[in-house]
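In what follows, residues are counted from 1 in the order of the sequence shown. Order of listing sets the numbers, starting from 1, for every ligand and every atom in it. These figures come from a predicted structure and were not determined experimentally.
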Amino acid sequence: MFARLAHRTINKQPSSWVRLISTETRQAITSAIKSAPVVLFMKGTPEFPQCGFSRATVGMLGQQGVDPLKFAAYNVLEDPELREGVKELSEWPTIPQLYVNEEFVGGCDIVMSMAQSGELAKLLEDAKALVPEEEVE
Ligand SMILES: N[C@@H](CCC(=O)N[C@@H](CS)C(=O)NCC(=O)O)C(=O)O
């Protein structure tokens with residue numbers, strides 16, 4: 001349902017809230033989350049981020065050495081249902097949103113804090129989502 005970007009490029013809502021997204025959208029988002037070990041819902045594309053937070057998050061993933069083959073990005077600006085649906089599914093009010101191995105990790109601030117503490121590197125390493133050492137120039 002949603003276009004997966006080329007892999008080379010690399011609020012809490014109370015449960016009583018009325019569900020706004022359709023089952024179809026929910027399924028499409030779930031399937032997007034499963035489409036790669038590292039999945040980023042962002043504004044714009046990795047090549048042309050359209051928000052500073054999305055840009056920073058993509059940059060951090062690149063700095064960590066995420067393997068483009070293990071990475072998928074989805075542009076929420078292309079689809080309002082995706083934009084709102086991913087917030088509902090993650091119970092997180094903003095974009096970007098990072099998933100690793102189908103688990104919600106967080107937004108830009110959390111990713112930044114995890115990058116600084118070394119947790120992000122460990123998470124990505126454990127997920128085997130980094131470019132293999134021998135291929136790093
Ligand atoms: N503190 C947030 C910053 C992200 C943020 O504030 N995103 C805003 C502006 S790009 C957002 O997604 N607002 C809701 C929307 O645009 O749908 C984080 O850590 O990710």
Next item on the list: Around atom 2 (C) of ligand 1, find the nearest protein heavy atom and jot down its residue, atom name and distance.
Entry: T94 OG1, 4.0 Å

Check: So which heavy atom in the protein is nearest atom 1 (N) of ligand 1, and how far is it from that ligand atom?
Finding: D109 OD2, 3.0 Å

Checklist line | Polar side-chain atom of S90 near backbone of K87 as donor-acceptor pair, under 3.5 Å | finding: no

Next item on the list: Group every Ile, Leu, Val, Met, Phe, Trp and Tyr by side-chain heavy-atom contacts under 4.5 Å, then state whether F41 and F53 land in the same group.
Entry: no

Notebook entry, point to check: Could you go step by step and tell me if D67 and V131 meet the side-chain contact (heavy atoms from CB on, under 4.5 Å) rule?
Noted result: CA-CA 4 Å; D67 185 340; V131 175; 4.0 Å; yes

Checklist line | Worked verdict on T57 versus M42 for side-chain contact (heavy atoms from CB on, under 4.5 Å) | finding: CA-CA 9 Å; T57 306; M42 63 180 292; over 6 Å; no

Next item on the list: Find all atoms of ligand 1 within a distance of less than 4.0 Å from any non-hydrogen atom belonging to C51, and give their numbers and elements.
Entry: 10 (S)

Margin query: Which residue and atom name correspond to the protein heavy atom nearest atom 12 (O) of ligand 1, and how close is it?
Written below: I95 N, 2.8 Å

Next item on the list: May I have the step-by-step check of side-chain contact (heavy atoms from CB on, under 4.5 Å) for Q97 and I95, ending in yes or no?
Entry: CA-CA 5 Å; Q97 295 192 9; I95 308 297; 4.2 Å; yes

Margin query: Whether the side chain of S54 engages the backbone of P49 through a donor-acceptor N/O pair (distance < 3.5 Å, no angle test) should be reported.
Written below: no

Next item on the list: Measure the distance from atom 16 (O) of ligand 1 to every protein heavy atom, then report the residue, atom name and distance (to 0.1 Å) of the closest one.
Entry: K43 NZ, 2.4 Å

Next item on the list: Considering heavy atoms of the protein only, find what lies nearest to atom 14 (C) of ligand 1 and give residue, atom and distance to 0.1 Å.
Entry: K87 NZ, 3.6 Å

Margin query: List ligand 1 atoms under 4.0 Å from G107, heavy atoms only on the residue side.
Written below: 19 (O), 20 (O)

Next item on the list: Would you kindly specify which portion of C108 sits under 4.0 Å from ligand 1, judged on non-hydrogen atoms: side chain, backbone, both or neither?
Entry: both

